[in-house]
Q: 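Below is a structure I'd like to ask you about.
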Amino acid sequence: MEKTRQHTAVTPMDTVFHTAVCAAFGVMLAGQVCATENLRAVPVPPSGMLIELTDVILDEKPDQTFVYSRFRFLVPELAKGNPPELEVLARDFEFLCNEFALPIVLESTAEVDRIVISYSDRPVDFGATDPDARQFFEQFGVKNDACIWENY
C-alpha cells in the first residue's frame with residue numbers, strides 16, 4: 001500500500017485549506033473542529049443515493065509530486081444488494097467533484113493537483129483495509145477550473 005503523509009501539525013497550507021473546508025462543511029480537517037453555523041449541504045448526486053460527507057483529507061505523496069484533496073462519503077445503501085452500475089457511480093463522482101469538491105478547492109490557496117471522491121458503505125479509517133467494506137473511488141485532475149477524470 002502506498003503511504004501518504006497526513007498533516008497532523010497545522011501548516012500554512014493546511015490552515016488556508018482548513019478554513020475553506022470549515023466554511024463550507026464544518027467537517028474536521030487536520031485535527032481541528034469547525035463551527036457548524038455556515039454548513040454547505042451535500043448535494044444529492046445523480047444516482048439519488050443518500051450520502052454523508054465523513055471527512056476531507058489534504059495529503060501529499062511522499063515524493064511531493066502531487067497534493068491530493070480527498071472527499072470521503074459514507075453511503076450505507078451500498079451495503080444492500082448489488083452495487084450500482086459503474087456508470088452510475090462515475091456520474092456521481094464527476095458531479096460531486098465539479099459541483100461540491102472543486103469549489104472548495106478553488107476557494108482555498110492550497111495548490112491541489114488531484115481530487116479523490118470515495119464512497120464506502122461503512123466507516124473505514126483512511127489507509128486502513130476492511131475486506132467486508134464496499135468502497136469505490138475515482139481520481140480527478142484539477143485543470144482549467146474543472147475536474148478531469150484520470151485513469152490511474
Side-chain angles (χ1 to χ4, degrees), residues 1-2 4 6-7 13-14 16-30 32-61 65-152:
M1 178 166 54
E2 195 170 342
T4 56
Q6 278 188 257
H7 301 288
M13 182 171 71
D14 291 333
V16 171
F17 190 77
H18 178 261
T19 301
V21 171
C22 278
F25 315 122
V27 297
M28 190 167 93
L29 180 68
Q32 298 179 15
V33 180
C34 308
T36 58
E37 58 269 3
N38 296 318
L39 297 182
R40 179 182 296 173
V42 176
V44 176
S47 68
M49 289 190 290
L50 297 177
I51 63 175
E52 176 187 341
L53 181 67
T54 57
D55 56 346
V56 178
I57 300 170
L58 184 66
D59 71 307
E60 194 174 293
K61 289 293 181 193
T65 303
F66 297 116
V67 174
Y68 290 75
S69 177
R70 302 174 187 278
F71 290 76
R72 302 177 71 218
F73 295 89
L74 180 64
V75 188
E77 188 175 328
L78 292 175
K80 302 173 187 170
N82 293 327
E85 298 289 324
L86 293 179
E87 293 81 18
V88 170
L89 293 171
R91 279 192 300 274
D92 276 11
F93 292 151
E94 183 176 9
F95 172 81
L96 289 168
C97 188
N98 280 300
E99 302 301 322
F100 188 67
L102 184 63
I104 300 309
V105 167
L106 294 177
E107 286 175 18
S108 79
T109 59
E111 293 189 24
V112 173
D113 303 292
R114 305 284 186 272
I115 294 174
V116 178
I117 305 291
S118 64
Y119 278 4
S120 182
D121 68 345
R122 66 194 72 196
V124 178
D125 289 336
F126 180 70
T129 59
D130 181 343
D132 296 324
R134 273 192 181 158
Q135 299 182 73
F136 301 92
F137 59 92
E138 282 294 350
Q139 173 178 294
F140 299 87
V142 177
K143 295 180 182 103
N144 300 320
D145 295 343
C147 292
I148 308 299
W149 177 76
E150 295 188 341
N151 186 13
Y152 53 93

Q: So how far is it from Leu74 CG to Leu53 CG, rounded to the nearest 0.5 Å?
A: 10.0 Å
Q: With rounding to the nearest 0.5 Å, note down the distance linking CG in Leu102 to CD in Glu107.
A: 10.0 Å
Q: How close do Tyr68 and Val112 get, counting heavy atoms only, and between which atoms?
A: C-CG1, 4.4 Å
Q: Would you check if Leu89 and Met49 make a side-chain contact, meaning some heavy-atom pair closer than 4.5 Å?
A: yes
Q: Answer yes or no: is there a side-chain heavy-atom contact under 4.5 Å between Glu111 and Val67?
A: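 Result no, sub-4.5 Å side-chain heavy-atom pair not found.
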Q: Scan for side chain to side chain donor-acceptor pair (under 3.5 Å) pairs involving residues 71-90, sequence neighbours excluded, and state none if there are none.
A: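 Matches after skipping sequence neighbours: Asp55-Arg72.
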Q: State whether the side chain of Arg134 and the backbone N or O of Leu78 hold a donor-acceptor pair below 3.5 Å, judged by distance alone.
A: yes
Q: Would a line drawn from the ring center of Phe93 to the ring center of Tyr119 be shorter than 6.0 Å?
A: yes
Q: Give, for atom CZ of Phe140 and atom CG of Leu96, the distance between the pair rounded to the nearest 0.5 Å.
A: 8.5 Å
Q: Sequence neighbours left out, what passes side-chain hydrogen bond (donor to acceptor under 3.5 Å, both in side chains) with Ser120? Give chain and number order.
A: none
Q: Mind jotting down which residue pairs meet the disulfide (SG to SG under 2.5 Å) criterion with at least one end in residues 81-141? Sequence neighbours excluded, please.
A: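 Passing the test, one end in residues 81-141: Cys97-Cys147.
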Q: Going by side-chain contact (heavy atoms from CB on, under 4.5 Å), name the residues that satisfy it together with Ile148, two or more places apart in sequence or in a different chain.
A: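 Residues passing side-chain contact (heavy atoms from CB on, under 4.5 Å) with Ile148: Lys143, Ala146.
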Q: Looking only at heavy atoms, what is the nearest atom pair of Phe66 and Asp113, with distance?
A: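 Heavy atoms of Phe66 and Asp113 come nearest at CA-OD2, 3.3 Å.
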Q: Keeping to residues at least two apart or across chains, list the disulfide (SG to SG under 2.5 Å) pairs with something in residues 106-141.
A: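 Found none.
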Q: Taking all heavy atoms of Ile51 and all of Val75, pick out the closest pair and write down the distance.
A: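 Ile51 and Val75 have their closest heavy atoms at CG2-CG2, 3.5 Å.
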Q: When you compare the side chains of Glu94 and Trp149, does any donor N or O come within less than 3.5 Å of an acceptor on the partner?
A: no
Q: Out of curiosity, Arg114 CZ to Gln139 CD, how far, rounded to the nearest 0.5 Å?
A: 5.5 Å
Q: Tell me the closest heavy-atom pair linking Ser47 and Asp92, and the distance in Å.
A: OG-OD2, 2.6 Å
Q: Check Phe136 against Pro83 and note the closest heavy-atom contact, atom names and distance.
A: CZ-CB, 3.8 Å
Q: How many angstroms lie between atom CD1 of Ile117 and atom CZ of Phe100, to the nearest 0.5 angstrom?
A: 8.5 Å
Q: Asp130: which residues meet the side-chain contact (heavy atoms from CB on, under 4.5 Å) condition with it, sequence neighbours left out?
A: Arg122, Val124, Asp132, Ala133
Q: Is the CG atom of Leu50 crowded by more than 12 outside heavy atoms at less than 6.0 Å?
A: no
